[in-house]
Every structure is written in structure tokens, then in C-alpha cells.
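Hydrogens, waters and symmetry mates play no part in the numbers below; they use all other heavy atoms, side chains included. Note that the structure is a prediction, hence the values are computed from the model and not measured. The residues of the chain are indexed from 1 along the displayed sequence.
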Amino acid sequence: MLPQTITIRPAQATDAAAACQVLRRSISQCCTLDHQDDATLLANWLANKTEANTRHWIASSGLALVAENEAGIVGFANCASDGELRLLYLLPETRFTGTGKALLQAIETWAIAAGLKQLTLDSTITAHDFYLRNGFLNQGTASKYQGMPNFLMTKQLETISCKQTQN
């Protein structure tokens, strides 16, 4: 199987339906360690993952990105202007292809350009190792959110400095 080309770009309102499907499929199919196939936990988690809310997140967040390949939109990320990474989800078939890392790197680049010093997030069990591998650190012990374990994590951002050399 040939590697697919992934494009990361700003999300647009017209992406809301596809981005919403990414969220819903990822949560229901990839995050079983978190919701344990408990219908109530899953329904509560998915309750606000609607096309209308996704459109709102795209329009009002600091940054909303989609990842797409030849098949269409396969990832969605949302980061608030204060550096809170609120959403980063992929279609199940896109996990472990570098797409999540590409979305995260795009968010970090944007955050550094915006002058942010750190990113924060609440991680699921499913995503916890991904964030650890990408430089995030746990802040305290795991807590519970809607009955599921939740890890508060932060990453200090390295500012890019340009040093001028003199001849």
C-alpha cells in the first residue's frame, strides 16, 4: 500500500459535516478504553459532537484544522486562542499514519507564532501515550470527567529565535 498524501489546512464552515463524522467515529470506534462501550458514557461524550457545534468551533476557535487525503477529511483539531487544545481526532483507519502528529505540529507552529508559551489539554486514556510521545507532561494525577479517566497535560513551547550573524 502506497503512503497517502496528507494535507493540513484551516477548517472551513463547509467542512463541519465531515469533521463532525471524524469526531463521532473516532470517539465511538477508537476510544473504547475510555468509554468501555458503556452506552450512557458514549452518548454523553457524543452529545455535543453535532454538525452545528462543529461549525461553531470552526468559526469561533483560535484555530481549527482539518487533515485530508485523497478520500477526504480524515482528521480534525481545534485549539483555543489561549492554547487549550480542545479536540484532536482522526478516523480510525488514519491512526498511526503520522496524521495526528502533523495536526499537532501545525497547532504548535500556530501557537508559537501567536506568542503562546504552552499548550494545555485534557487527554483521554486512548490519546495519553500519543501526547507523552509528543512532549506533553502530566500535571497532577488522573481525574474523572463524565465518569472516564482524564489527564491534564501541558507542553512548553520552544520559541524560535533567529540569530543574526555578523561577518
Just to verify, what does N138 make a side-chain hydrogen bond (donor to acceptor under 3.5 Å, both in side chains) with, not counting sequence neighbours? H128

Taking ring pair (Phe, Tyr, Trp, His ring centres under 6.0 Å) as the test, write out the residues that go with F136, two or more places apart. Y131

Between T97 and V74, does a side chain to side chain contact (heavy atoms under 4.5 Å, CB included) hold up when you go through it step by step? CA-CA 11 Å; T97 64; V74 297; over 6 Å; no

Approximate separation, where rounding is to 0.5 Å, of K101 NZ and I6 CD1: 15.0 Å

How long is the straight-line distance from CG of L41 back to SG of C31, given to the nearest 0.5 Å? 12.5 Å

Applying the side chain to side chain contact (heavy atoms under 4.5 Å, CB included) test to Y89, which of L23, T94, L103, T126 qualifies? L23

Counting N and O atoms only, with roles assigned by atom type, does the side chain of [X] sit under 3.5 Å from a partner on the main chain of [Y], one being a donor and the other an acceptor?
X	Y	result
N78	L87	no
D15	Q12	yes
T154	T120	no

All heavy atoms of A19 vs all of T54, minimum pair found to be CB-CG2, 3.8 Å

Which pair of heavy atoms, one from T50 and one from C20, lies closest together, and at what distance? C-SG, 3.4 Å

Kindly indicate, with the supporting measurements, whether the criterion side chain to side chain contact (heavy atoms under 4.5 Å, CB included) is fulfilled by T124 and H35. CA-CA 10 Å; T124 61; H35 58 69; over 6 Å; no

Partners of R24 by salt bridge (charged side-chain N to carboxylate O under 4.0 Å, His left out), sequence neighbours excluded? none

